[in-house]
Amino acid sequence: MNEPSRQQRLTIKTQGEARQEYAAAADWLRQRPDYHQVFDYFLEIAGQAWTAAEVSERTGRPVVQHLCNQAPLEIFHAMGLQPLRLASGCCAVSRLAEAGLPALMCPMLRSAIGAQRVQAQASRVLARVIPTTCDWTVKFQELAVALPNDLQKNSSSPPVHLLELPHQRHSERGQARFQEELFLLIDFLEQKIGRRLTRSALLTSVNLYREAWAVLESLIALRRDGRLAAAWFAAICAAFLFDSIERWLTAAQTLVSYLQNQKVRPAARSVFLCGSPIIFPNLKLLRLIEEAKMYVAADELCASERLWPGGMAVDDRSVSGLIRALAGRYHRACQCPTFADNERRFNSVRAVGLPLKGIIYHVLKGCHPFDIESLTMERMAREANIPFIRIETEYSPEDARTILTRLEAFANIDHGASA
Amino acid sequence: MISIWRRATQHLAFVILTYGGRFGVHFDSALPCFSCPYVAGCSGHCYLMALQSNWWGLQMPWVVLTSGLGLQALAVFGLFVLLTLILGKTWCGWICPFGLVQDWLTMLRQRLAIPEARMSWAGRDRLRIIKYLLLLYLTIIPMLIAHADLHSDFSLPFCQICPVKPLMPLFVGNTAHLALDTANTITLVFSILSVTIAAMMVVGMFFKPRFFCIFCPMLAIIHIFNKITPLRLTKNPPTCLACGNCSRACPVDIRRVHEDRANVQDEDCLLCLRCVESCPSDRTLKLTGFGKSLIVSARRRLTTDG
């Protein structure tokens with residue numbers, strides 16, 4: 001038997017560190033005074049670094065990995081596939097991937113590439129669907145291929161479908177092009193699975209996800225009145241990204257019933273969190289905000305409240321009508337900073353309807369779209385007389401003290417008027 | 001829920017307006033909707049007929065117009081204006097019997113899972129002018145008959161080609177208006193046009209919701225009074241998340257409702273309130289009456305109604 005190489009030893013060590021990182025985040029949540037066993041399902045799912053093979057086995061469906069929010073989950077579900085988000089908040093695997101990737105790369109994607117690198121089991125991924133949101137996602141596959149899996153020498157990358165994203169979502173041309181892209185995605189998946197998408201299956205999935213959206217809306221409402229902390233919300237959303245919708249829905253409905261019987265706890269210092277995504281187990285910023293005695297009453301993060309952009313009204317229930325509605329939800333309603341016509345993004349802040357202590361804008365170093373849009377958000381916050389703070393950070397915990405000091409100062413300064 | 005109330009109102013209005021006359025109900029000839037006088041036993045008449053006619057409308061000679069009958073014509077017009085002002089476009093979205101017929105065809109298509117026909121934005125915009133041209137047509141021809149000796153067989157020029165004339169009488173078992181009138185060339189041409197337009201409209205209305213409303217001159221007249229009607233569709237732009245549900249759900253493809261502005265009531269709006277129902281943002285779209293909110297958009301509505 002061959003001795004593992006130095007790189008393989010490092011990879012195996014990173015596997016262990018990654019497991020510890022997930023477990024530590026889950027343990028921190030378990031130690032909280034607002035923990036209840038009703039959260040156990042979410043901790044079980046979010047608190048582990050699941051491989052595609054494990055997810056496929058657990059859900060009984062072939063896995064399609066995807067990036068970003070623009071790939072319609074209903075289509076995957078209707079075709080008997082399990083969508084699995086190619087996103088990772090794990091610092092250990094991000095470090096592992098660091099050496100072979102550009103220095104200023106988006107940590108979330110670097111971590112996603114690192115997570116693929118440490119998977120010891122055969123891939124079992126049917127395909128990868130990558131919406132072309134930013135340059136990093138467009139080049140994701142190229143970078144992923146450049147860093148081979150250290151533990152499976154003969155592993156091959158799954159076939160990739162680039163879902164080309166028109167960057168103008170309110171133009172006729174942009175909307176028509178995205179609908180066309182969805183039909184191309186369906187063609188691609190039909191070829192992979194060898195059967196056609198049926199209207200009844202799509203309608204069933206649309207209704208199922210609408211039910212899930214309604215539950216998510218209930219959770220958002222509970223969050224607004226102080227009954228659901230942001231860290232729990234992150235775990236709930238992570239579980240959604242890594243498990244079957246049916247199981248998640250059942251657990252989330254139980255959670256809603258439990259929380260609705262809890263006392264309303266209006267927070268004194270409610271803040272609005274926006275910017276780059278926060279993905280389990282990277283709860284650093286959420287923990288620091290809590291330590292600074294602020295409560296994240298609302299957010300506009302794509303792996304959190306903006307998980308499903310908007311509710312979906314469906315009148316035309318033909319396949320093309322359903323696809324048109326899905327295109328509306330995943331493209332037109334999406335407020336990703338990658339879009340050129342994003343003027344109404346600040347409306348998410350206004351729609352919260354709570355007095356806000358301020359806006360915390362999170363930028364992951366290397367996440368260019370959010371970095372660019374932070375300028376616009378800051379200007380709009382100033383115009384609306386809402387205090388604004390921009391936190392630029394990484395997955396690593398080294399800058400935690402500095403961030404905490406800034407957040408405490410932000411929390412304690414009397415900014416005068418707020419929203 | 002809004003759709004359920006609207007459907008119930010539409011069906012009730014259909015029964016009353018189409019069959020009410022048989023039970024002694026009569027709302028006169030000033031209705032701002034297509035309750036067609038060619039339907040025997042209907043309980044009220046579309047004002048467009050009165051407007052084109054030689055008894056209360058533009059085909060009246062000057063001498064009659066300046067007599068007592070002129071005052072009666074003015075009274076009918078006044079009643080029409082009053083009804084239009086009170087309910088505005090809800091006549092179109094909630095009451096018009098022919099509107100409901102169009103909605104039935106849409107429901108049938110949806111039941112059969114046949115996709116809706118789509119129009120390009122520019123194509124849809126180009127069609128807007130047609131209703132005003134039809135309005136011009138139905139006002140000029142009667143005046144030419146009255147004052148320029150145009151042949152009287154051109155009377156009621158819009159009714160002669162209106163698809164409602166051959167289609168609505170079918171609901172009381174009358175197929176007579178599907179036949180060609182061979183009395184002379186004018187009547188023959190009108191009857192051929194009438195049946196052809198009706199057939200085209202049925203196909204159009206099946207594939208496109210409220211297809212006829214795009215061309216309806218009544219909608220154009222109601223729109224003229226829109227600025228002073230108390231019922232308005234308004235928007236609170238700061239809370240709009242730009243999801244586009246409103247314009248996608250709109251049966252007549254209005255894009256203005258999606259725009260970043262407070263006054264979103266478009267000239268083609270039917271006040272069906274499907275946009276309000278499909279809006280996922282609380283208190284963003286609303287129907288107001290005399291400055292008071294009557295119906296507002298609500299997140300919870302979308303989670304339950306879809």
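Below, each value reflects all heavy atoms present in this structure, side chains not excepted, and no hydrogens, waters or symmetry copies. Below, chain A is the first sequence line, B the second, and so on; all start at residue 1.
Interface residue A/Glu172: backbone and side-chain heavy atoms are both found under 4.5 Å from chain B. Residue contact with chain B, scored on non-hydrogen atoms closer than 4.5 Å, is absent for A/Ser200. If you measure heavy-atom distances from B/Pro209 to chain A, you find no contacts under 4.5 Å at all. For A/Ser320, the part lying under 4.5 angstrom from a heavy atom of chain B is the side chain only. In this structure, the portion of A/Gln175 lying under 4.5 Å from any heavy atom of chain B is its side chain and not its backbone. Using a 4.5 Å cut-off between heavy atoms, B/Arg283 makes no contact with chain A at all. Within the 4.5 angstrom heavy-atom criterion, atoms from both the backbone and the side chain of A/Arg324 approach chain B.
The choice from B/Pro238, B/Ser120, B/Ala113, B/Gly244 that makes the most heavy-atom pairs within less than 4.5 Å of chain A is B/Pro238. Interface check for chain B: of the options A/Gly328, A/Ala176, A/Ala221, A/Ser171, the most heavy-atom pairs under 4.5 Å are formed by A/Ser171. Among the candidates B/Arg111, B/Arg255, B/Arg118, the residue making the largest number of heavy-atom pairs closer than 4.5 Å to chain A is B/Arg118. Comparing B/Cys240, B/Pro251, B/Ser281 by how many heavy-atom pairs each has under 4.5 Å with chain A, the most go to B/Cys240. Top candidate by heavy-atom pairs under 4.5 Å with chain A, chosen from B/Asp260, B/Ile114, B/Thr239, is B/Asp260. Considering only heavy-atom pairs separated by less than 4.5 Å from chain B, the leading option among A/Gly321, A/Ala325, A/Ser348, A/Cys334 is A/Ala325.
For the pair A/Glu305 and A/Leu216, the tightest heavy-atom approach, listed with the atom from each and the gap, is O-CD2, 4.3 Å. Heavy atoms only, all atoms of each residue included: A/Ile245 and A/Leu208 are closest at CG2-CD2, 3.4 Å. In plain terms, the two heavy atoms of A/Cys336 and A/Thr133 that are nearest each other are SG-CG2, 4.4 Å. Of all heavy-atom pairs spanning B/Leu48 and B/Pro217, the tightest one is CD1-CG, 3.9 Å.
Atoms CG and CD1, on A/Leu307 and A/Ile236 in that order, are 11.0 Å from each other to the nearest 0.5 Å.
Side chain of A/Arg199 to backbone of A/Arg317: a donor-acceptor contact under 3.5 angstrom is found.
Other residues, nucleotides and ligands contribute more than 12 heavy atoms inside 6.0 Å of the NZ atom of B/Lys131.
You'll find the ring centres of A/His331 and A/Phe339 inside the 6.0 Å limit.
Note on B/Arg210 versus B/Asp103: salt bridge recorded, some NZ/NE/NH1/NH2 to OD/OE distance being below 4.0 Å.
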